[in-house]
Amino acid sequence: MKFACFDLAHFLSHNWQKQPLLIRNPWENWHNPLEPDELAGLACEDDVESRLVIGDDSGRAMESGPFQEARFGQLGTGPWTLLVQAVDHHVPDVAGLVSPFRFVPNWRIDDVMVSYATNGGGVGSHYDNYDVFLVQGLGQRRWRVGPKCDAQTPLLPHNDLRLIADFQATDEWVLNPGDILYVPPCFAHEGVAVGDDCMTYSIGFRAPSQSELIEGWAEHVAGQIAEEERYTDADLTLQAQPGEITPVAIERLHGLVMDALSDQAAFARWFGQNNSLPKYERDWRPDKPVSQKALRACVAQGSRLLRNPASRFSFIRLGPEENLLFVDGESFSCEGSDSVLAERFCANEIVPLDPDADLSTDTVALIGALINQGSLAFEDDD
Ligand code: SIN
Ligand code: CO
């Protein structure tokens with residue numbers, strides 16, 4: 001799927017993280033990538049996260065999946081909505097929907113949630129902590145957007161849903177298939193299906209919170225420090241008040257913390273690895289590790305490499321021909337032609353290789369490691 005008309009530079013400078021934007025069908029040739037029945041089928045699978053929200057503003061109940069197929073037949077004619085997480089990990093055409101949004105870096109992209117709603121169905125007025133593009137796939141939905149919220153915004157008492165108590169819309173639009181609404185983090189929004197068979201694709205983003213960054217990095221650093229590394233005061237002198245923790249002691253204690261946490265290169269490596277951990281697993285690991293010989297044979301046959309849709313690929317550049325590739329919680333140092341290959345893996349879901357290329361041992365080792373950890377597979381393999 002491709003955009004025919006969408007001014008990305010204007011969008012980034014005026015809207016991204018700043019203001020909601022309605023984009024009327026910018027696609028070259030919009031078609032809904034998933035049937036409602038297929039979505040319901042996914043919601044019945046054990047390894048797929050899904051929920052049902054039944055009712056409307058007069059009262060809502062939530063149920064978590066996986067569901068029995070019969071459950072959908074029992075829902076009746078009232079408003080309800082089914083929401084399924086990370087559908088892009090299971091349906092290649094839904095994964096294809098993310099490609100045009102890759103003007104945002106890989107590490108900021110989360111996954112695609114898909115919703116199906118009957119007339120009047122919706123999750124209610126709420127805000128999310130992340131940017132989202134809401135792509136109308138099928139049918140119509142009325143979206144209302146309100147002001148930016150924060151932790152002080154009053155919420156309705158509800159066990160499962162974080163609904164805004166007094167939602168005041170500032171804009172309202174009815175979206176048709178192909179239309180997109182961009183909502184920046186924390187802006188109040190509410191979508192209500194207009195008619196049955198309303199499907200919405202949420203291209204969601206991620207942004208680490210300051211507290212989770214501190215927690216994760218500090219835990220990692222702490223795990224590498226020996227117990228014997230501790231406060232010392234061989235230069236202790238007599239102090240007037242034994243109760244005082246002196247400024248000298250405080251400075252030394254604070255230094256112990258800050259010195260260990262301030263290594264930016266080590267932080268970059270930890271962050272890249274940590275951020276590339278998959279949220280939901282899709283096990284593509286081969287039954288037995290791929291041999292160098294088998295790998296070379298696949299390349300010589302012209303077989304292309306496919307990226308596991310649940311895998312997260314990103315890199316940091318260390319030099320003109322050197323980078324550190326992060327995939328699914330692991331890091332790989334890549335130099336020369338391998339650094340070019342690593343960047344191609346990060347930029348493309350399908351990577352063709354030159355069948356006539358004389359691959360180096362390092363290149364074969366890199367591709368082999370990525371195949372064996374289930375992040376890549378040759379397209380002809382089952
Ligand atoms: C929906 O698709 O109904 C909800 C999406 C959202 O508001 O984030
Ligand atoms: Co939302």
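All ligand and atom numbering here is 1-based and tracks the order in the structure. Hydrogens, waters and symmetry mates play no part in the numbers below; they use all other heavy atoms, side chains included.
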With atoms numbered from 1 as shown, which atoms in ligand 1 lie under 4.0 angstrom from a non-hydrogen atom of [X]?
| X | answer |
| --- | --- |
| S202 | 5 (C) |
| H126 | 6 (C), 7 (O), 8 (O) |
| H189 | 6 (C), 7 (O), 8 (O) |
| D128 | 8 (O) |
| R141 | 3 (O) |
| W143 | 7 (O) |
| S115 | 1 (C), 2 (O), 3 (O) |
| L134 | 5 (C), 6 (C) |

Would a distance-only check, ignoring hydrogens and angles, find a side-chain to backbone donor-acceptor pair under 3.5 Å from [X] to [Y]?
| X | Y | answer |
| --- | --- | --- |
| Q273 | G329 | yes |
| D328 | R312 | yes |
| N25 | D179 | no |

Looking at [X] versus [Y], is the centre-to-centre ring distance below 6.0 Å?
| X | Y | value |
| --- | --- | --- |
| Y116 | F72 | no |
| F205 | F101 | no |
| F6 | F11 | yes |
| F326 | W107 | no |
| F271 | W217 | no |

Discussion item. Around the Co ion (ligand 2), how many protein N, O or S atoms are found at less than 2.8 Å?
Written reply: 3
Worksheet item: Does a side-chain N-to-carboxylate-O contact under 4.0 Å join R252 and D235?
Response: yes
Worksheet item: Do E49 and K279 sit within salt-bridge range, that is, some charged N less than 4.0 Å from a carboxylate O?
Response: no
Discussion item. With respect to T81, determine whether any N or O atom, backbone or side chain, lies less than 3.5 Å from an N or O atom of ligand 1.
Written reply: no
Worksheet item: Do any N/O atoms on T200 end up under 3.5 angstrom from N/O atoms on ligand 1?
Response: no
Item to complete: Indicate, as side chain, backbone, both or neither, the part of E190 found under 4.0 angstrom from ligand 1 when only non-hydrogen atoms are considered.
Response: neither
Worksheet item: In terms of residue, atom name and distance, what is the protein heavy atom nearest to atom 4 (C) of ligand 1?
Response: M113 CE, 4.0 Å
Worksheet item: Do I54 and E63 pass the side chain to side chain contact (heavy atoms under 4.5 Å, CB included) test, and can you show the C-alpha distance, the side-chain angles, and the key distance before you say yes or no?
Response: CA-CA 8 Å; I54 304 162; E63 291 173 23; 3.5 Å; yes
Worksheet item: For residues N106 and S314, is any side-chain donor paired with an opposing acceptor at under 3.5 Å?
Response: no
